[in-house]
Amino acid sequence: MTTTLGKTVDVLIGSPRDSFYETVKVVLKGYYPYKLQPFKSVDTLLEQTSNSEFKPILALIDGQDGTQATNEWVQSTKMSYPECHIIVLHSAAAPLDFNIVKKNGADEVMHLNFDREFISDMILQLAPIDMEGDQIPITALTPVDLRDIEAGVSINFDVYAHLHANHRSVVLRKAGDCIDARHIEKFHTMKQQMYIKKTQLKQFFEYARTVMSMRDIPFPISMTEKFHRSKKAIYEIMTQFLNGASTDYQEGKLIYEKCKAIIADFELTKDLAPNELVDEICRFSGNLRTYYHDCICMSAYGAYFAQLLGWPAEKREAAAIAGLLHNIGLSQLPPAAGDKMPKEMTAEELAEYHKYPDRSVVMVKSKKVPLDQIIAEGIGQHRENMRGSGFPKKLTGPDISEIGKLMMVAYHFHEMTALHDNRAAATPAQAVTLLRDNAMTGNGDIDLITATAIFKKFKP
């Protein structure tokens with residue numbers, strides 16, 4: 001049940017670390033109905049049970065001390081507050097067996113940095129709250145695909161636009177209103193995202209199914225619902241990589257099949273005309289950068305650029321899988337470095353950061369995923385450059401594989417077209433032109449032949 005407007009709810013924070021509490025405050029910044037109560041030890045938590053005024057509906061437990069210590073927190077919380085939902089947040093600091101922790105009462109186990117964008121999703125799912133006004137944080141909103149919107153049809157959800165420059169979310173339409181064609185066209189023209197509350201996704205899916213039925217679409221599943229379904233599937237795959245429990249070859253094969261199913265759901269290897277490919281590329285650009293959006297976008301750009309280059313379906317699928325799994329190694333960064341930009345890292349943190357492509361390959365292989373060499377090269381080489389100053393191996397042009405050169409272009413394109421705080425994104429056409437021009441100057445970032453071939457086919 002969602003809390004009524006203006007009401008606060010208790011949230012238990014269990015950790016011996018001040019840094020954990022500070023991180024949770026950052027994650028939940030702007031979520032004003034949540035009243036956070038930190039506990040530094042299990043003993044102080046147990047002493048609090050006599051306080052009848054403290055009634056947590058959610059607990060966020062630090063899982064960075066390993067399975068045994070985490071279990072003690074989880075069991076004590078569940079014993080003290082049986083109705084309280086529990087999310088365990090872990091990092092690379094210590095291995096954690098998700099299966100055991102869940103068996104003892106945790107609802108969900110999530111990575112403190114890598115799963116950051118899903119933490120707010122899960123919190124709102126387990127402890128839904130209602131927020132109004134222009135101060136709703138962007139993490140409490142989710143973008144919807146404009147193709148799912150029909151002008152003149154009554155909506156059963158609120159519609160927002162997010163002003164990235166001043167970090168404000170503005171209400172455009174309230175539930176019960178209609179969106180007119182002029183507003184939809186404006187969003188298309190300005191390449192803006194239309195947002196709704198995450199707590200109103202169910203209502204949006206109902207609305208979108210009605211729209212799909214009105215259009216006589218045989219399988220009325222909206223693009224937004226497909227996107228969320230696929231994103232959840234990616235999250236489940238990543239959870240298997242992050243889980244410290246042992247695995248076998250059967251599970252590895254299952255992970256690989258799930259990757260292929262996600263690519264099929266997004267139709268990334270479907271044969272398209274060049275102008276259709278450009279349209280699809282544009283649909284993935286302009287989003288805020290997160291680990292999971294990076295997975296999706298790199299998968300799409302890898303597959304679509306490969307098709308612009310004339311690659312067969314099998315190699316396009318390999319590029320898509322490489323993009324999907326390219327950054328799982330970032331989960332192994334020290335907790336303090338997990339939410340820093342590279343330019344903000346210490347020398348030691350930066351050295352760890354430069355290992356993430358190799359670590360991605362190792363993590364995938366350690367779960368017994370049957371990884372073809374071409375996919376491993378795409379994952380391991382996407383941060384190299386032609387002049388040999390990239391990472392992790394400082395390869396020069398002749399030593400970088402064909403798929404490595406493709407994924408380098410995909411990564412640079414994604415960096416240029418994704419939204420960053422306080423910086424507007426380049427349009428896809430601007431990005432491709434700049435990549436071609438930079439390659440022609442011989443600066444050595446990307447391969448000239450690959451960039452030029454993509455530029456020639458990229459006609460918005």
Side-chain angles (χ1 to χ4, degrees), residues 1-14 20-21 23-37 55-61 77 81 83-90 102 106-144 155-162 167-169 171 174-175 193-208 222 224-225 227-236 238-239 287-288 290-293 339:
M1 181 182 293
T2 305
T3 62
T4 55
L5 197 61
K7 183 181 177 183
T8 60
V9 293
D10 291 323
V11 177
L12 186 159
I13 313 297
F20 182 85
Y21 181 52
T23 299
V24 170
K25 287 200 294 185
V26 171
V27 171
L28 294 179
K29 183 180 180 181
Y31 289 70
Y32 53 86
Y34 290 134
K35 186 179 177 182
L36 308 183
Q37 178 65 51
K55 298 177 180 178
I57 63 170
L58 179 70
L60 302 177
I61 302 298
T77 302
Y81 306 101
E83 303 302 315
C84 180
H85 291 290
I86 299 174
I87 300 175
V88 171
L89 302 176
H90 71 105
K102 284 187 173 183
D107 293 272
E108 197 68 33
V109 182
M110 312 185 80
H111 194 282
L112 195 54
N113 290 316
F114 198 86
D115 292 333
R116 181 69 63 90
E117 68 186 280
F118 277 106
I119 294 174
S120 59
D121 291 23
M122 188 57 62
I123 288 172
L124 287 170
Q125 180 181 321
L126 295 176
I129 53 173
D130 199 4
M131 294 183 285
E132 294 290 349
D134 292 346
Q135 302 304 316
I136 295 179
I138 185 63
T139 55
L141 303 175
T142 187
V144 296
I155 59 175
N156 56 349
F157 49 88
D158 301 332
V159 173
Y160 291 80
H162 188 71
H167 306 285
R168 287 178 60 236
S169 304
V171 183
K174 300 284 288 182
Q193 293 277 12
M194 184 182 288
Y195 292 89
I196 65 169
K197 293 178 182 177
K198 288 179 177 177
T199 51
Q200 292 185 334
L201 259 177
K202 183 178 178 182
Q203 292 94 312
F204 179 82
F205 291 158
E206 291 170 355
Y207 160 87
S222 66
T224 303
E225 188 167 358
F227 179 83
H228 279 270
R229 188 173 64 186
S230 296
K231 198 172 176 184
K232 181 69 185 300
I234 297 170
Y235 166 72
E236 291 170 353
M238 297 306 177
T239 297
N287 282 303
L288 282 170
T290 66
Y291 288 132
Y292 283 88
H293 262 123
D339 56 357

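These numbers were taken from a predicted model, which means no experiment stands behind them.
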NZ-CD1 distance between Lys102 and Ile86, expressed to the nearest 0.5 angstrom: 13.0 Å

Distance-only side-chain donor-acceptor flag, Thr139 / Tyr31, under 3.5 Å: yes

From Ile61 atom CD1 to Leu12 atom CG, the distance as rounded to the nearest 0.5 Å: 5.5 Å

Reported CG-to-OG1 distance for the pair Asp115 and Thr239, which is rounded to 0.5 angstrom: 5.5 Å

side-chain contact (heavy atoms from CB on, under 4.5 Å) evaluation trace for Gln37 with Asp10: CA-CA 7 Å; Gln37 178 65 51; Asp10 291 323; 6.0 Å; no

Flag, side chain of His162 to backbone of Arg168, donor-acceptor distance under 3.5 Å: yes

Ile136 to Ser169 - nearest heavy-atom pair and separation: O-OG, 3.0 Å

Residue pair His228 / Phe205, side-chain heavy-atom distance below 4.5 Å: yes

Side chain to side chain, Arg116 and His111, heavy atoms closer than 4.5 Å: no

Heavy-atom side-chain contact between Glu108 and Gln125 under 4.5 Å: no

Any donor-acceptor N/O pair, Asn156 side chain to Gln203 backbone, under 3.5 Å: yes

Sequence-distant partners of Lys197, salt bridge (charged side-chain N to carboxylate O under 4.0 Å, His left out), two or more places apart: Asp130, Glu132, Asp158

Test side-chain contact (heavy atoms from CB on, under 4.5 Å) applied to Leu28 and Leu60, step by step: CA-CA 11 Å; Leu28 294 179; Leu60 302 177; 4.3 Å; yes

Minimum heavy-atom distance Pro56-Cys84, with the two atoms named: O-CB, 3.6 Å

Point-to-point distance, once rounded to the nearest 0.5 Å, from CD1 of Ile119 to CG of Asn113: 8.0 Å

Spatial distance of atom CG (Leu36) from atom CD1 (Ile13) [nearest 0.5 Å]: 5.0 Å

Val9 and Tyr34, any side-chain heavy atoms less than 4.5 Å apart: yes

Met122 CE to Lys198 NZ distance, which is reported to the nearest 0.5 Å: 11.0 Å

Short side-chain to backbone donor-acceptor contact, Thr199 and Pro128, under 3.5 Å: no

Exercise: identify the closest heavy-atom pair between Met131 and Tyr32: CA-OH, 3.2 Å

Test ring pair (Phe, Tyr, Trp, His ring centres under 6.0 Å) applied to Phe118 - qualifying residues, sequence neighbours left out: Tyr235, Tyr292

Side chain Asp107, main chain Ile87, donor-acceptor under 3.5 Å: no

Residue pair His90, Phe114: steps toward the ring pair (Phe, Tyr, Trp, His ring centres under 6.0 Å) verdict: CA-CA 10 Å; His90 71 105; Phe114 198 86; over 10 Å; no

